[in-house]
Amino acid sequence: MLINNWYVAATEDDVKVGQPCRVKMLGLWFALFRNKANEVICVNDTCSHRGGSLGLGKVNDGRIACSYHGWEYNSRGRCTRIPALGDEVKIPKRARVDCYPVEIRYGWIWVFLGDLPEDERPPIPDNYPYYDEAMKSREKWGIVHLNYEVQCNWARSEENSIDGSHPSFVHASFGSKRDPKLMLVEPVAHEWGSSTYRERPPAEYRNLSEMTKSVIDEKRGNNKAYTWFSIVGISHLIDIKRSNGVRHITFAARTPIDQDNTRIFSHQVRNFLTGPEHDEERLQGRMKAAAEDTVVSQNVNPRYLPRTMSGELLVASDQNEAPFRQLIYKLARRGWEIDIDEAARQGRYNALAIPCPLRRENPKNWIAKPIPTTNPRRDE
Ligand code: FES
Ligand SMILES: [Fe+2]
C-alpha cells in the first residue's frame, strides 16, 4: 500500500453536517467531518490523549470531539479544548492529530495520505468531465454509480480492471470467446500510469443484455476500447465505443481499506437510453460484471503482488498490468510503500500515522509514530 497518494475516502454525501464519518484506509482509521465553513476535514482517527476514536465522537460547532473524554480538534488537527481541565488551561503542544489535504472531485472526497508539499503532490485525474455533464443534464449522458467493497488486495483488484485479455474468459456479455486474441499495441506512458487503445471483437450477440440489444445491430464490427490508468487514487478510465455509435465510459478509483480489502468507487456514463428509467438495468449489468471479476481476482495466489517483476510470468498481452507493477515498484523504492509486517508489529503498542504535511513544517511533538515504510524515506 502506497502513501503520498490521493485516495477516495468517501462520497460527498457520506459526510453530513454535524456528524463525523469514520473510514479505514491503508490499514489505519481516519475521521472526516465538516467545519463551520462546510469544508470537509480529514484527520487521523486516533486521539492524542489516550487513543480514543474521533470518528466515533461528535462534531461541536465545526470541531471534532473525541468519543472518550471529549477533547476537541479544529480544522488543522489542533486540540482547542480539554473539557476535564476547563477553558483556562493551556493546551499542550502535543495535543494534536495529523490532518490531511482534501479535494472534492466527481462527487467524491479525495484525501492526500502523505506529507508532500502541495506542488509535489501528484495530480488527481481530471479526464472525466462526463460526470459533471451527466449530473447537470441527462440529454447527452445517462449515468450510474456503483460503490462496493471486495475482499481482495487493491493491486490484484485494479490489475483485473485494466486487463484487456480477461473479458473473453470472465465476461460473456462483453467478451468474445470465439476470438480471445488481443490486438497488441504499444502502451502510451504518462507520468503516473499508461494507456492502450485497441479494437476487439464484440461478444456473441445472444449474450448481450436486452438493453444493449435494443440499440445495437446483430451484424456489427469491432468494439474500440481505450483503457487509461493512473496510480493516483488507483484509478482508471475505460472508454468503449461499440457499433451504432453506442459508447460508455467508466471511471473508477480504488481505496485499500487494508491489504486484504478494497473499496471501489465508480461512475459510468452512457450515450444511449440516457433516462433514469434505464439506470437499474445498466446497474444490474455492472454488478454482474463486478461479481465475475471479484471471483477471479480474490482467488489468485499469492494474495498480494509478488515483490519483483519476475515473480509471475507476464507476457506481451499484459499491456497495462506490466507498467502498473513497474510503477508500484518504483514508488516503493522511493520509500512510499507501507511495510505491513513492521506496521503490524509496531502498531500493537504504538498509535501509527501516515505523516501529514504539517509534520514536515514541524516534525516534533506528535504522539502517533510515523508508519514504517519498506525503504528509507527520500528526505531522511
Ligand atoms: S482519548 Fe480522546 S479525549 Fe481522551
Ligand atoms: Fe473484468
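In listed order, ligands and their atoms are each counted from 1. Treat the numbers as computed from the prediction; the structure is a model and nothing was measured.
Looking only at atom types and distance, the side chain of His166 has a donor-acceptor partner in the side chain of Asp293 under 3.5 Å away.
Coordination check, His49 versus atom 2 (Fe) of ligand 1: failed, since every N/O/S atom of the residue sits at 2.8 Å or beyond. Metal site remark for atom 4 (Fe) of ligand 1: His69 contributes an N, O or S atom at a distance under 2.8 Å.
The Arg50 neighbourhood of ligand 1 comprises atoms 1 (S), with distances under 4.0 Å to a heavy atom of that residue. Taking every heavy atom of Cys66 and a limit of under 4.0 angstrom, the matching atoms of ligand 1 come to 1 (S), 2 (Fe), 3 (S). With ligand atoms numbered from 1 in the order given, ligand 1 contributes 1 (S) to contacts under 4.0 Å with heavy atoms of Gly52. Each of the following atoms of ligand 1 lies closer than 4.0 Å to a heavy atom of Trp71: 3 (S).
When distances from the Fe ion (ligand 2) to the N, O or S atoms of His171 are compared, NE2 comes out shortest.
An angle of 90° is found at the Fe ion (ligand 2) between His166 atom NE2 and Asp293 atom OD1, rounded to 10°.
No donor-acceptor pair under 3.5 Å is formed between the side chain of Glu321 and the backbone N or O of Leu314.
For Arg138, the CZ atom sits in a packed shell: over 12 heavy atoms of surrounding residues, nucleotides or ligands are nearer than 6.0 Å.
For the side-chain contact (heavy atoms from CB on, under 4.5 Å) with Lys224, the lone residue among Arg200, Glu199, Arg242 that qualifies is Glu199. Under the side-chain contact (heavy atoms from CB on, under 4.5 Å) rule, Phe229 has a single partner from Pro323, Ser235, Ser161, which is Pro323.
At least one test fails for Arg78 against the ring of Tyr73: distance under 6.0 Å to the centre or angle within 45° of the axis.
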